[in-house]
Amino acid sequence: MTRRNADQGNGVTGSHARTNDPPASRAHGYRHGHDAQGHDLHDHARHGTTSRASHALAFDSVASQYAAARPGYPAALYDAVQELTGRPLKGSRVVDVGAGTGIATRGLRDRGARTLAVEPGHAMAAELLRALPGAPLVRALGDALPLADSTADLVTYAQAWHWTDPARSVPEAFRVLARPHGALALWWNVPDPDVPWTRDQEARLADRLPGYHAHSVTTEAARIIRRLDAGLAPVHRRLHWSRRVTLDTHLTHLGSRSFFAAMGPEAAAPVLADERARLLELFPDGVVDEAYALDLTVTLRAC
C-alpha cells in the first residue's frame, strides 16, 4: 500500500472520487479531484477485487428501492459504538465507507458526528444527496480511500465491509484513523436467525438461489481482522431489534439485496411472488414484523 506523504496528504490519488462539499471534505484530508465514472472504479477492481466491486455496484440498479425500503439502525447501535470506542459521536470526525443511500450517514450526523460519506455507486450516491442535501460525499472504494493519514476518529462500514478486500480495506482504515484513539466499526443488519419465520425464509432463499449470501461475514469480521493483524483486538457484539412494515415494503427491501439486484428484475420476480404468497399466510393483514440481529464489530487502533 502506498502511503501519502506530507505533500500528498490532503490529496486524492488518481480520479476515483468527487466531493459534494469541499470545505467539510478538506477537513477530512480531501482535496478536489475530478468525477469518477464507472471505468475508474473498474480499473481499481481489476487490481484484485473485480468480483466484489462489480457485485457491489449492482446496487445502483436498485438504488431507489434501497432508499425506500431498507431498514435503518436502532439507537442502541449508536450507543454501543460510543461505548466500545470510548468516545462520543458528537464532534467526532467520521468516515462512513460504502455509505449507500445514506442510512448510517444520517444516523451518525443526527448524533452530532462530522461525517464524510464514501460511496462508489453513482445512483446510490445520488439517493444519498437527495436525502441529505449538501452532505460531504466522496466517490471512492474502501480499498483505496482518497484521504490523508490520521484524519478521522472513526471509520464505519454499515452493510458494506464484505464488499471490500480486507487485506486492503483494514490497513486503509487504520492509515486514515488518528492515533491513539481511532476506531474501525463494522455493522450489519441480518435477518434474525432466532425468529422462526425469518430463519425459514432465509433457508428457502438459500435452497432456491445457489450462492445466496456467499459474501456474508457478519459474525466472522473479528476473526478476519485478528488474522490480518494479531496485534488488533476486535470486539463483536450482537443486538436485536425489529420493525413493522407493509408486505410490499418487505418485498421491496428483499429485492434490493445484492443477490436480487445482480439477478435482475425478470429473474427475481417469480422468487418475490412466491415469497409474497408464503408471507400472506403468516401475515394476512399485510403487515410484516421484520426481526433483525445486528452484528457490530469494533476495533481500536493500536497506539
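When a residue number appears, it is its place in the shown sequence, counting from 1. All values derive from a computational prediction rather than experimental measurement.
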* Can you name the closest pair of heavy atoms from A268 and F260 and give their distance? -> CB-CD2, 3.6 Å
* Around atom NE2 of H181, are there more than 12 heavy atoms of other residues, nucleotides or ligands at under 6.0 Å? -> no
* Could you give all pairs that pass the salt bridge (charged side-chain N to carboxylate O under 4.0 Å, His left out) test and reach residues 183-196, with sequence neighbours left out? -> none
* To do: Kindly determine whether E127 and R130 satisfy salt bridge (charged side-chain N to carboxylate O under 4.0 Å, His left out), including the steps that lead there.
  => CA-CA 5 Å; E127 291 289 344; R130 189 172 293 115; 3.0 Å; yes
* Do R175 side-chain atoms and L147 backbone N/O form a donor-acceptor pair below 3.5 Å? -> yes
* Taking the six-membered ring for Trp and the single ring otherwise, decide whether the centroids of W197 and H250 are under 6.0 Å apart. => yes
* Asked: Does the side chain of S256 pick up a donor-acceptor pair with the side chain of R70 at under 3.5 Å?
  -> yes
* Straight-line distance of I225 CD1 to E220 CD, nearest 0.5 Å -> 11.5 Å
* Asked: Which is it for R226 and L232 under the side-chain contact (heavy atoms from CB on, under 4.5 Å) test, yes or no, and what are the steps along the way?
  -> CA-CA 6 Å; R226 281 194 296 268; L232 296 174; 5.7 Å; no
* To do: Would you check if L116 and V94 make a side-chain contact, meaning some heavy-atom pair closer than 4.5 Å?
  => no
* Just by distance, do the side chain of Q82 and the backbone of R87 share a donor-acceptor pair under 3.5 Å? -> no
* Nearest 0.5 Å please: distance from the CG atom of N189 over to the CG atom of L294. => 4.5 Å
* With sequence neighbours excluded, what pairs up with W241 under the ring pair (Phe, Tyr, Trp, His ring centres under 6.0 Å) test? -> Y292
* To do: Report the distance from atom CZ of R244 to atom CG of D289, rounding to the nearest 0.5 Å.
  => 4.5 Å
* Quick one: closest heavy-atom pair of Q65 and G255, and the distance? => NE2-C, 3.7 Å
* Answer yes if the side chains of T297 and W187 hold a donor-acceptor pair under 3.5 Å, and no otherwise. => no
* Asked: Applying the 4.5 Å side-chain criterion to the ILVMFWY set and letting contacts propagate, would V287 and V245 be lumped into a single cluster?
  -> no
* To do: Look up atom OG1 in T115 and atom CZ in R93, then write down how far apart they are to the nearest 0.5 Å.
  => 12.5 Å
* If you draw a 6.0 Å radius around CZ in R278, do more than 12 non-hydrogen atoms from other residues or ligands fall strictly inside? -> no
* To do: Find out whether E172 and V155 are in side-chain contact, i.e. whether some heavy atom of one side chain is under 4.5 Å from a heavy atom of the other.
  => no
* Any side-chain heavy atom of R208 within less than 4.5 Å of one from D274? -> yes
* **Distance-only side-chain donor-acceptor flag, D153 / S92, under 3.5 Å** => no
* Asked: If we only count heavy atoms from C-beta on, is the S150 to R301 side-chain gap below 4.5 Å?
  -> yes
* Asked: Does the side chain of V95 come within less than 4.5 Å of T156's, by heavy atoms?
  -> no
* Asked: What is the distance from atom NZ of K90 to atom CZ of R114, rounded to the nearest 0.5 Å?
  -> 13.0 Å
* Asked: Are side-chain N/O atoms of T252 and T249 paired as donor and acceptor at under 3.5 Å?
  -> no
* **Exercise: do T105 and D96 side chains pair donor with acceptor under 3.5 Å** => yes
* **Contact check, side chains of H236 and D295, non-hydrogen atoms, under 4.5 Å** => yes
* Validation row: L108, Y73 side chains within 4.5 angstrom (heavy atoms) -> no
* Tell me, with the steps shown, if T299 and V235 meet side-chain contact (heavy atoms from CB on, under 4.5 Å). => CA-CA 6 Å; T299 310; V235 176; over 6 Å; no
* When you look at L239 and L77, which way does the side-chain contact (heavy atoms from CB on, under 4.5 Å) test go after all the steps? -> CA-CA 8 Å; L239 309 174; L77 177 275; 4.3 Å; yes
* With a 4.5 Å limit on heavy-atom distance, are the side chains of P166 and I224 in contact? -> yes
